[in-house]
Amino acid sequence: MPSFKYAILALGLLAACDQTAPIAPQPDLPADDPRQAELLSAECTIYFAAVTKMEAEGRELNGDPTRGCPPEAAGVSADINAMISVPSVTPGYPQTMYDRMVARGIPVDMADEIAKSKAFWDLVAKRDSLLAGF
């Protein structure tokens, strides 16, 4: 029975710790580059929209997807509904963004839907254009 107590204690400690992954800066940009803030804000609007949608559907959150996000990103609308015709998630940034959504606590089924959304692909395009200097 003593090991059962330790297992319960360990589970309690894990539940008390924030398991949400931080939002990593783009490695291709300097940390103080204003484009970092622009990309972070665009990414966070997706997280805030996902939280709003989950709450509206009565779904439970696993973690805090908006942790580390600027509060003003909550006021920006993001269309996270799946589009009819979308590209598949490809290696590179689209896959990284998808993995970050899941790591931050967005359920896989919702991450799958978001990965087919205008907001997701607008963020991918914005990142690509900022890095290319357009």
Side-chain angles (χ1 to χ4, degrees):
M1 282 298 198
S3 62
F4 180 70
K5 289 180 191 177
Y6 292 116
I8 297 295
L9 179 60
L11 288 174
L13 286 172
L14 283 174
C17 295
D18 191 353
Q19 300 294 313
T20 306
I23 298 177
Q26 294 300 311
D28 304 324
L29 295 172
D32 60 348
D33 192 308
R35 296 175 293 178
Q36 288 281 14
E38 191 175 339
L39 291 171
L40 171 70
S41 181
E43 184 174 337
C44 285
T45 60
I46 292 172
Y47 298 143
F48 279 111
V51 168
T52 300
K53 186 172 184 174
M54 288 179 64
E55 289 172 347
E57 293 174 355
R59 296 177 68 176
E60 244 181 78
L61 293 167
N62 180 16
D64 180 9
T66 62
R67 185 181 124 236
C69 287
E72 58 273 6
V76 179
S77 66
D79 183 358
I80 61 169
N81 296 309
M83 296 184 295
I84 294 172
S85 176
V86 296
S88 60
V89 172
T90 55
Y93 185 69
Q95 184 64 53
T96 299
M97 180 58 195
Y98 176 87
D99 293 342
R100 284 175 21 180
M101 288 190 298
V102 173
R104 293 182 71 78
I106 296 175
V108 171
D109 66 315
M110 183 170 279
D112 288 343
E113 184 176 325
I114 293 170
K116 298 173 186 166
S117 73
K118 179 175 179 354
F120 182 90
W121 289 103
D122 282 352
L123 174 58
V124 170
K126 177 181 277 195
R127 179 191 174 271
D128 290 347
S129 68
L130 286 174
L131 291 178
F134 293 122

Nearest atoms (heavy-atom pairs only) where [X] meets [Y]:
X	Y	result
A111	M101	O-CE, 3.7 Å
L123	E43	CD2-CA, 3.8 Å
A78	T45	CB-O, 3.8 Å
C69	P65	SG-O, 4.4 Å
R127	L39	CA-CD2, 3.6 Å
V124	Y93	CG2-CD2, 3.9 Å

Between [Y] and [X], is there a side-chain heavy-atom distance shorter than 4.5 Å?
X	Y	result
D112	Y98	yes
Y47	R100	yes
F48	V76	no
M110	R59	yes

To the nearest 0.5 Å, what is the distance between [atom1] ([X]) and [atom2] ([Y])?
X	Y	atom1	atom2	result
I80	K118	CD1	NZ	14.0 Å
I46	T66	CD1	OG1	13.5 Å
L130	K126	CG	NZ	7.0 Å
D33	E38	CG	CD	9.5 Å

Check: Would the number of heavy atoms belonging to other residues, nucleotides or ligands and lying under 6.0 Å from CD of E57 be above 12?
Finding: yes
Checklist line | E113/K53 salt bridge by N-O under 4.0 Å criterion | finding: yes
Notebook entry, point to check: Does a donor on one side chain sit under 3.5 Å from an acceptor on the other, for D32 and Q36?
Noted result: no
Check: Got a donor-acceptor contact below 3.5 angstrom from the T96 side chain to the G92 backbone?
Finding: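 It does hold such a pair.
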